[in-house]
There are 2 protein chains.
Amino acid sequence: MPPHTADAAVRTHRTADATLTVTLDGAPLTGAEVVVAQRDHAFLFGCTGFEFIPLANGEPSGGDGSPEEIPAEQAEHLAELWFELFNFATLPFYWGRFEPARGEPDTERLRKTARWFADRGCAVKGHPLAWHTVTAEWLLDLTNEEIAREQAARIRREVSGFAGLIDMWDVINEVVIMPIFDKYDNGITRLCREIGRIPMVRMVFDAAREANPGGTLLLNDFDMSAAYECLIEGLLEAGITIDALGLQSHMHQGYWGEEKTLEVIDRFARYGLPIHFTETTLLSGHLMPPEIVDLNDYQIPEWPSTPEGEARQADEIARHYKTLLSHPSVQAMTYWGMADGGWLGAPGGFVRTDGTPKPSYEALRSLVKGEWWLPPTTLATDEQGRVRFTGFLGEYEVTAAGRTARFRLDAPGEATLDAAL
Amino acid sequence: MPPHTADAAVRTHRTADATLTVTLDGAPLTGAEVVVAQRDHAFLFGCTGFEFIPLANGEPSGGDGSPEEIPAEQAEHLAELWFELFNFATLPFYWGRFEPARGEPDTERLRKTARWFADRGCAVKGHPLAWHTVTAEWLLDLTNEEIAREQAARIRREVSGFAGLIDMWDVINEVVIMPIFDKYDNGITRLCREIGRIPMVRMVFDAAREANPGGTLLLNDFDMSAAYECLIEGLLEAGITIDALGLQSHMHQGYWGEEKTLEVIDRFARYGLPIHFTETTLLSGHLMPPEIVDLNDYQIPEWPSTPEGEARQADEIARHYKTLLSHPSVQAMTYWGMADGGWLGAPGGFVRTDGTPKPSYEALRSLVKGEWWLPPTTLATDEQGRVRFTGFLGEYEVTAAGRTARFRLDAPGEATLDAAL
């Protein structure tokens with residue numbers, strides 16, 4: 001899709017032409033100046049929030065959980081940058097880190113962190129509830145039957161315990177490879193190999209659904225091949241309700257480009273489910289060699305961000321976000337790591353290790369809070385108290401006469417709304 | 001698996017230690033010489049039989065169907081070589097060639113060919129009933145609903161029409177890629193994309209099962225990745241009965257080797273279904289370049305068989321058959337093309353274009369009719385009329401006093417049998 005076509009598609013699917021009738025004490029506010037301002041996006045612009053666990057918990061020296069956690073004093077500046085771009089945080093619930101010793105889950109630190117994000121207006125997602133990687137080592141001492149029981153119990157505990165604060169979960173991660181994962185022994189692969197992929201997904205989705213019937217439950221995978229399609233089709237035929245499909249897109253080996261990205265979205269959009277890009281990375285340094293199959297196999301002592309790499313990353317970031325928003329099925333995009341130096345040490349962040357933002361940061365900001373955003377805008381109401389404007393879907397405020405009312409643009413196209421001041 | 005381990009596994013899973021009591025007119029035939037001889041293998045040693053359609057139909061100048069068909073006069077010698085190795089033929093039912101004009105199926109030629117093989121003691125399989133490649137072009141003029149109706153009707157027609165002669169079918173081919181096949185438009189991809197893979201398989205299996213409830217119905221694919229696993233798991237969860245899993249192994253880009261072969265078999269054996277290697281090729285010339293993804297994309301004017309290639313092929317043929325028979329789940333192995341010059345023009349046959357057999361022919365013959373075969377063997381019965389011998393599973397005859405009785409070795413291990421002369 002050429003850029004102007006993408007821009008047009010973004011506007012078609014993401015903006016509403018609003019006619020807003022403003023009333024003051026019940027009567028149309030005619031011939032008056034009002035200020036309309038966007039407050040939030042309907043689209044979920046997400047990022048990992050792992051880094052902020054120590055900050056949210058007042059731990060100046062840093063945490064003891066995810067390696068991505070950074071000391072509170074270094075995190076404050078990063079947090080300012082974070083909230084300027086994002087309205088959606090992914091928090092880590094890797095079983096092996098969340099409950100390294102059986103019966104001692106890290107619930108309170110995660111609850112404080114989720115609350116910290118929620119207080120700042122962010123939706124929060126937990127990731128993941130079942131996965132063969134970074135899973136609890138103590139599962140290896142259990143029978144498969146016991147592992148299944150512990151896995152379901154763990155899901156019920158987290159999903160019900162965080163309900164209201166976290167109502168969205170990557171319930172299970174990377175099921176395509178789960179039963180044939182052969183890098184090391186682990187309890188989840190053992191179980192999935194015995195019972196099969198579909199019973200495994202059914203079990204974890206049933207547990208999560210039971211614990212939070214109103215929650216949004218995702219299936220997540222990195223495998224964009226027909227394998228994931230076949231898995232999804234099998235799950236849907238088996239009657240398992242999936243609320244959104246999670247697609248990973250760690251592009252350590254190079255930007256997919258618009259064509260491949262749309263081809264992937266089209267293939268997964270045909271199930272009629274919302275699509276979330278759950279894990280996205282684009283590098284501002286040299287690319288990972290193409291022969292690497294498992295990204296975790298490429299670990300180098302230093303992986304610098306370079307000026308050329310940063311220019312490329314900024315361009316690709318803008319193109320990638322535009323491509324995603326140009327397709328109506330995509331409802332969320334989570335970037336994997338705000339700052340460099342996190343996962344794999346790759347220069348994949350919007351912020352360098354010294355805390356300064358890269359060009360990619362400004363590229364995304366100029367979309368999310370620029371081209372795709374309605375800043376406070378003064379409009380004059382007509383003789384019926386109406387103003388007309390076009391805005392990106394999301395939360396808005398209208399202010400006049402010292403009063404403010406909120407409203408939402410929920411669906412693309414024409415929108416007729418009222419705001420009572 | 002080292003060669004001696006493979007040999008031991010082949011003997012474990014494929015031979016029986018028989019104790020045969022021979023009676024003559026109801027009384028034990030004691031202290032007598034009897035001749036025991038194997039007549040057939042239980043294992044299905046298969047090959048395509050496309051070449052012999054003109055011969056079976058008395059068409060000296062060759063047929064007008066599959067390009068693999070060869071004129072009758074050239075086929076007689078090839079047939080002699082064929083029946084020395086194989087007991088199982090795959091015949092072509094590609095819709096686009098079988099019924100190029102709607103309503104004019106090539107039924108009689110195929111029926112004569114199937115009969116020709118059956119008369120020579122061969123099991124016959126039809127391939128394939130549903131596939132997006134070489135499908136009927138006239139489907140493109142129909143709606144998806146009509147395509148579905150025609151596809152099911154076509155399956156019922158062939159499967160019931162050939163019942164008793166052909167009771168084994170590759171019902172559907174390459175479902176993993178079917179709905180996303182994008183090389184050219186075709187009716188089957190259109191339909192599969194609309195209704196999904198599992199409903200597509202259900203429809204074609206239901207039609208075939210209804211038409212021949214006792215038939216052996218296969219799912220067949222070239223995709224050995226987790227995609228095929230996911231598809232199979234979805235089908236089994238959906239309650240579709242698959243009688244055997246077909247695995248293709250066209251090795252135009254090089255022999256898989258024992259390790260990969262066993263890894264593939266193990267992954268698909270865990271569904272507890274018999275495994276058929278449905279389409280196998282090993283070359284005796286240069287290999288296809290590794291960057292080719294679709295084998296059909298590599299067509300060259302001449303692709304010679306070479307002495308070095310023939311030596312390599314002979315070695316690989318022996319290793320591959322041994323590997324397959326070393327795994328108890330494998331029940332059939334079909335080689336794709338007896339003679340060079342067929343599919344893709346590749347030197348993949350056991351026989352050169354000049355009709356002479358390659359070393360691979362002798363390599364396979366020395367297994368199928370040598371190491372794995374009991375030739376007529378004279379044994380002396382004991383005082384209870386018993387002889388003991390070890391033989392590969394299959395059909396046997398025992399002869400004494402001018403009379404012959406048949407018996408079967410059906411299962412590995414100890415076998416106690418009677419033969420009444």
Side-chain angles (χ1 to χ4, degrees), chain A residues 132 144 172 174-182 189-203 205-206 219 221-240 242 245 259-260 262-273 290-291 293-294, chain B residues 132 144 172 174-182 189-203 205-206 219 221-240 242 245 259-260 262-273 290-291 293-294:
Chain A
H132 51 275
N144 282 355
I172 189 162
E174 304 181 358
V175 180
V176 167
I177 204 177
M178 186 172 278
I180 53 173
F181 179 80
D182 60 2
T189 290
R190 282 188 196 170
L191 175 62
C192 189
R193 187 168 176 102
E194 182 193 328
I195 68 176
R197 293 172 173 95
I198 294 175
M200 183 85 192
V201 175
R202 183 187 288 119
M203 180 188 81
F205 267 69
D206 281 353
L219 180 74
D221 215 297
F222 71 88
D223 189 326
M224 298 295 101
S225 79
Y228 194 29
E229 297 177 39
C230 289
L231 174 67
I232 292 164
E233 293 180 27
L235 295 170
L236 296 178
E237 280 286 330
I240 298 167
I242 299 163
L245 293 175
E259 192 181 357
K260 172 180 169 177
L262 287 171
E263 182 270 329
V264 167
I265 298 172
D266 276 337
R267 278 195 290 114
F268 293 99
R270 70 188 203 272
Y271 304 113
L273 296 173
E291 65 271 16
V293 174
D294 184 331
Chain B
H132 51 275
N144 282 355
I172 190 164
E174 304 182 357
V175 179
V176 167
I177 205 179
M178 186 172 279
I180 54 172
F181 179 80
D182 60 2
T189 289
R190 283 188 196 170
L191 175 62
C192 189
R193 187 168 176 102
E194 182 192 326
I195 69 176
R197 293 173 173 94
I198 294 175
M200 183 83 192
V201 175
R202 185 187 287 120
M203 181 188 79
F205 267 70
D206 281 353
L219 180 75
D221 215 299
F222 70 87
D223 189 324
M224 297 295 101
S225 79
Y228 194 29
E229 298 177 37
C230 289
L231 173 67
I232 293 164
E233 292 180 26
L235 295 170
L236 296 177
E237 279 286 329
I240 298 167
I242 299 163
L245 293 175
E259 192 182 356
K260 173 178 168 178
L262 287 171
E263 182 270 327
V264 167
I265 299 172
D266 276 337
R267 278 195 289 113
F268 293 99
R270 70 189 205 272
Y271 304 113
L273 296 172
E291 65 272 15
V293 174
D294 185 329

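It should be emphasised that the depicted structure is a prediction, and the values quoted were computed from it without experimental measurement. Proteins get letters first, then strands, A, B, ... in listed order; numbering begins at 1 in each. Below, each value reflects all heavy atoms present in this structure, side chains not excepted, and no hydrogens, waters or symmetry copies.
With rounding to the nearest 0.5 Å, the separation of CG in A:Asp182 from CZ in B:Arg267 is 10.0 Å.
Taking all atoms of both residues into account, the shortest heavy-atom contact from A:Ala227 to B:Ala226 is CB-C, 4.0 Å. For the residue pair B:Cys230 and A:Leu231, the shortest heavy atom distance occurs at CB-N, 3.7 Å.
Contacts between B:Ile198 and chain A at a heavy-atom distance below 4.5 Å involve backbone atoms as well as side-chain atoms. At a 4.5 Å heavy-atom cutoff, the contact between B:Glu233 and chain A is made by backbone and side-chain atoms alike. B:Tyr271 touches chain A through its side chain: at least one heavy atom from C-beta onward sits under 4.5 Å away, while N, CA, C and O do not.
Residues A:Ile180 and B:Arg270 are in side-chain contact: their nearest non-hydrogen atoms beyond the backbone lie under 4.5 Å apart.
Comment: B:Glu229 engages A:Arg197 in a salt bridge, judged by a side-chain N to carboxylate O separation of less than 4.0 angstrom.
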